[in-house]
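We count ligands from 1, going down the list as the structure has it; atoms in each ligand are counted the same way. One-based numbering along the sequence shown.
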Amino acid sequence: MKNKIEQIKKEFLDQLAKLKNIEDLRALELKYLSRKGELSEIMHGLKDLSLELKKELGELANKAKIEMQTKFTEARRVIESYGKKDDFVDVTLPGEKIANGHLNPLTLVQNDLEDLFTSLGFIIGDGPELESDYYNFTALNVPPLHPARDMQDTFYIDSKNKNGEYDLVMRTQTSSVQIRMLQKYGAPLKVIIPGRCFRNEATDARHEHTFYQCEGIVIGKDINFSNLKSLLEIVGKRLFGPDTELRMRPKFYPFVEPGNNGEYTCFLCNGKGCRVCKQTGWLEIVGAGLIHPDVLRAGGIDPEVYSGFAFGFGLTRLAMLKYGINDIRLFNSGDLKFLEQF
Ligand code: PHE
């Protein structure tokens, strides 16, 4: 009897392995597992045996039945899935190409600058794009009605504070984050703040209402103008190549004293003069200067103890120069034909 059970199981499994279609499967079920199937017959036969044998063989038959049933269910699942399209994977077909995104050229240049400055020991700061009039102007030595406000066409926000003043602007420069950084970190400090700025420009190929700058501040004891100059020289050589020279010309910015315009040898013509540098051989890239004592004070820093410098790169301008982009409006156009080139 024992052998018979084993034999039935073996036969069943052998045949199960050879099954090809659902009809064979049904036939097999009928033959072995149904109420009139071979296994049931054996189980019926058990009733005439001794109690001991009944127990032993009953257990054996039951185990065999469970095993056969499990294997059968598995086989049925496989056979039923044949011919169903969804489950069929043709591994020989070529894969579906996944489209890669592109980093905006502004992001590429920003990443470059962040790598460069963090390698020089700077941290990276951030500040709000919707800014208070105070941080964007007043604290930077540009009080209300001061003519220096005319240097930047500003988007004022149409909402008054409780004193009835319009005190919110879209920040016109990343310099708006200077005081925030001083207040947050104190001295000494080395930080850059890349970010988006806004001005009420009539747009054309060279002007855009939304653009990027990268601000930098260094505060410490005995920080002086040569520190600023040597830093800007290092940055110029890293950005435009080892032969790049820097020249600094006086320029008024209310929050620095003295204020300067940093210009680098035009890397397109190597200083010979071309259309891009307007035949001068120099590219105007960065505003800079020693931070005005009033600004340090507004940031809670004692100008008798600490000094510092600040600089602001036109990040959008850098990207235009680096990639030869001749229309600033392309950056915000969302035009994939433009973006996919980077
Ligand atoms: N914020 C100035 C601008 O937008 C640039 C600047 C930054 C100048 C820091 C001096 C120091 O024109």
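- Figure legend: cation-pi geometry between Arg180 and Tyr135, with NZ or CZ positioned under 6.0 Å from the six-membered ring centre and within 45° of its axis.
- Between Phe225 and Phe309, the ring center distance fails the sub-6.0 Å criterion.
- At under 3.5 Å, a nitrogen or oxygen of Gln213, whether backbone or side chain, sits near a nitrogen or oxygen of ligand 1.
- When only non-hydrogen protein atoms are considered, atom 2 (C) of ligand 1 lies nearest to Gln173 OE1, 3.7 Å.
- No side-chain donor from either of Thr154 and Asn200 sits under 3.5 Å from a side-chain acceptor of the other.
- Using a 4.0 Å cut-off between a side-chain N of Lys or Arg and a carboxylate O of Asp or Glu, Glu208 and Arg329 do not qualify as a salt bridge.
- In this structure, His102 contributes its side chain and Phe342 its backbone to a donor-acceptor pair below 3.5 Å.
- If you check which protein heavy atom lies closest to atom 12 (O) of ligand 1, you get Tyr253 CE2, 3.5 Å.
- In this pair, Tyr264 and Phe240 present their aromatic rings tilted. The plane angle is within the 30 to 60° band.
- Contacts between Cys197 and ligand 1, counted as non-hydrogen atom pairs separated by less than 4.0 Å, are absent for every part of the residue.
- Looking at Thr172 next to ligand 1, no N or O pair under 3.5 Å apart turns up.
- Side-chain contact between Val169 and Ile157: absent, with no pair of heavy atoms (C-beta onward) separated by less than 4.5 Å.
- In this structure, Gly259 falls outside the shell of residues with a heavy atom less than 4.0 angstrom from ligand 1.
- Taking the ring centroids of Phe12 and Tyr32, they lie under the 6.0 Å cut-off.
- Proximity of Glu215 to ligand 1 is established by a heavy-atom distance of less than 4.0 Å.
- Ligand 1 has Phe255 within reach: a non-hydrogen atom of the residue lies less than 4.0 Å from it.
- Taking any N or O of Gln178, backbone or side chain, none lies under 3.5 Å from an N or O belonging to ligand 1.
- Summarising the contacts of atom 7 (C) of ligand 1 with Gly314, Gly312, Gly262, the nearest heavy atom is found in Gly312.
- Residue contact check for ligand 1: Arg199 places a non-hydrogen atom closer than 4.0 Å to it.
- Considering both main-chain and side-chain atoms, Ser175 comes within under 3.5 Å of ligand 1 through a nitrogen or oxygen pair.
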